[in-house]
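Take a look at the structure below.
Since the model is a prediction, treat every value here as computed from it, not as a measurement. Residue indices begin at 1 and follow the sequence shown. Start at 1 and go down the list; that is how both ligands and their atoms are numbered.
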Amino acid sequence: MPTIRDVAKAAGVSVATVSRVINKNEYVNKDTEQKVLKVMKELDFKPSLVARGLAGKKMNTIALMLPDISNPFFPEVARAVEDVAQQYDHNLFLCNSDNLEHKEKSYLEIMKKKNIDGVIIISNNISSKDLEHLRETKIPVVLLDRPASHENYSVVRANNYKGAQLATMHLLEIGCRKIAHIAGPKNLITAKERLKGYNSITNEYPWFEQTLIAEGNFDVQGGKTALKKLLADHPDIDGIFASNDLMALGALKELKKMGKEVPQEVAICGFDGIYLTELSEPELTTIQQPIYELGAKAAEILIKKLRGELTETKIYELDVQLIKRESTNGFQNSRQDNTIIKGVFR
Ligand code: RIB
């Protein structure tokens, strides 16, 4: 692996100059900077803490990278992460990536330059290469909620599959006889797991068909658009399970705009358990993720890694629970069929 000295020699400058280019903390002639950066790329040089002149200097700051600060799920996670960080005398560096890979990469570079001590990442884009680069610069990583794969890192997530089964079974148990699913983005592991959970129940029924699934983008508009499509294709839908609360709230708004009575004509269940679900009219039945616990657990694992108290990597899967509220309480099955309720839980 090339060292800072190799870079200095190849660029024809001093080690101190290379260190200044890495840390961007003092003036460097533009031509010299470009020459050093070119050599670093050619040698695939990865600045260690020593190269960054920061070995041993603790910043007592952890970072949380999240994909959508406007979705109340993530600020609730951030609240927990900051509480735990403060408990251990650490600050929080909050990064909103907008699910954009270039923003994620930019934030990872800033973390290295700012000597962030550790990072919690909520991302389905982050590559193994990017994660490996953090590891090489001795920045511990914990993945939260939606890791695509990355078996070398601890992961904290909710049991999405079981939560989806709970939601679907609940709609069946109150008498729904044609249940649709507003799925999250197909590239997200959380959305995929919930879709599988829904399918594991509905595949058992003769009424099920693929057009009972419409995809949204985990936001209110996505819920509205998906609902319109579903009811255009299947006007007799009487139950809806949405893969997150914002889409469920969008669908609820659209149902009322269509003049549909909720829950009397159509019952609806969301997923997450964000605070808005208590404020909607009717209040939304949902699958409660242990949002605060997810954030707190991820932060505790990261801090223990920083302190050398935890070296193992494992998946921490937290349980979810059905929160029954008005949007499913009072559904009136207008059909007289006696479909037997079947269902399997993993
Ligand atoms: O609402 C945002 C969604 O993205 C949540 O369900 C969370 O699990 C994440 O995947």
Is atom CZ of R5 surrounded by more than 12 heavy atoms (other residues, nucleotides or ligands) closer than 6.0 Å?
no

At under 4.0 Å between heavy atoms, what of R194 touches ligand 1? The answer is side chain

Spell out, as yes or no, whether a donor-acceptor pair under 3.5 Å connects the side chain of D98 to the backbone of L100.
no

Is the shortest side-chain N to carboxylate O distance from K304 to E300 below 4.0 Å?
no

Is there a heavy atom in Q289 that sits closer than 4.0 Å to ligand 1?
yes

Check each heavy atom of F271 against ligand 1 and say whether those closer than 4.0 Å belong to the side chain, the backbone, both or neither.
neither

Which atoms of ligand 1 have any heavy atom of T190 under 4.0 Å away?
8 (O), 10 (O)

Within-4.5 Å side-chain heavy-atom neighbours: V21 and L37
yes

Could you list the atoms of ligand 1 found under 4.0 angstrom from a heavy atom of N244?
1 (O), 2 (C)

Do the side chain of D272 and the main chain of F73 share a donor and acceptor less than 3.5 angstrom apart?
no

Assess D145 for proximity to ligand 1: is some non-hydrogen atom of it under 4.0 Å away?
yes

Is there a polar contact between ligand 1 and N160, counting only N or O atoms under 3.5 Å apart?
no

Quick one: nearest non-hydrogen protein atom to atom 2 (C) of ligand 1, plus distance?
N71 ND2, 3.2 Å

Closest candidate by heavy atom, reference atom 5 (C) of ligand 1, pool D272, D68, N124:
D272

From CG (L302) to CG (L306), nearest 0.5 Å
4.5 Å

Working to the nearest 0.5 Å, report the span between CG of L108 and SG of C95.
8.0 Å

List every atom of ligand 1 that sits less than 4.0 Å from any heavy atom of F218, numbering the atoms from 1 in the order shown and giving each element.
3 (C), 4 (O), 10 (O)

Counting C-beta onward and ignoring hydrogens, is there a side-chain heavy-atom pair between L294 and Q289 closer than 4.5 Å?
yes

protein heavy-atom neighbour closest to atom 4 (O) of ligand 1 works out as R146 NH2, 2.7 Å

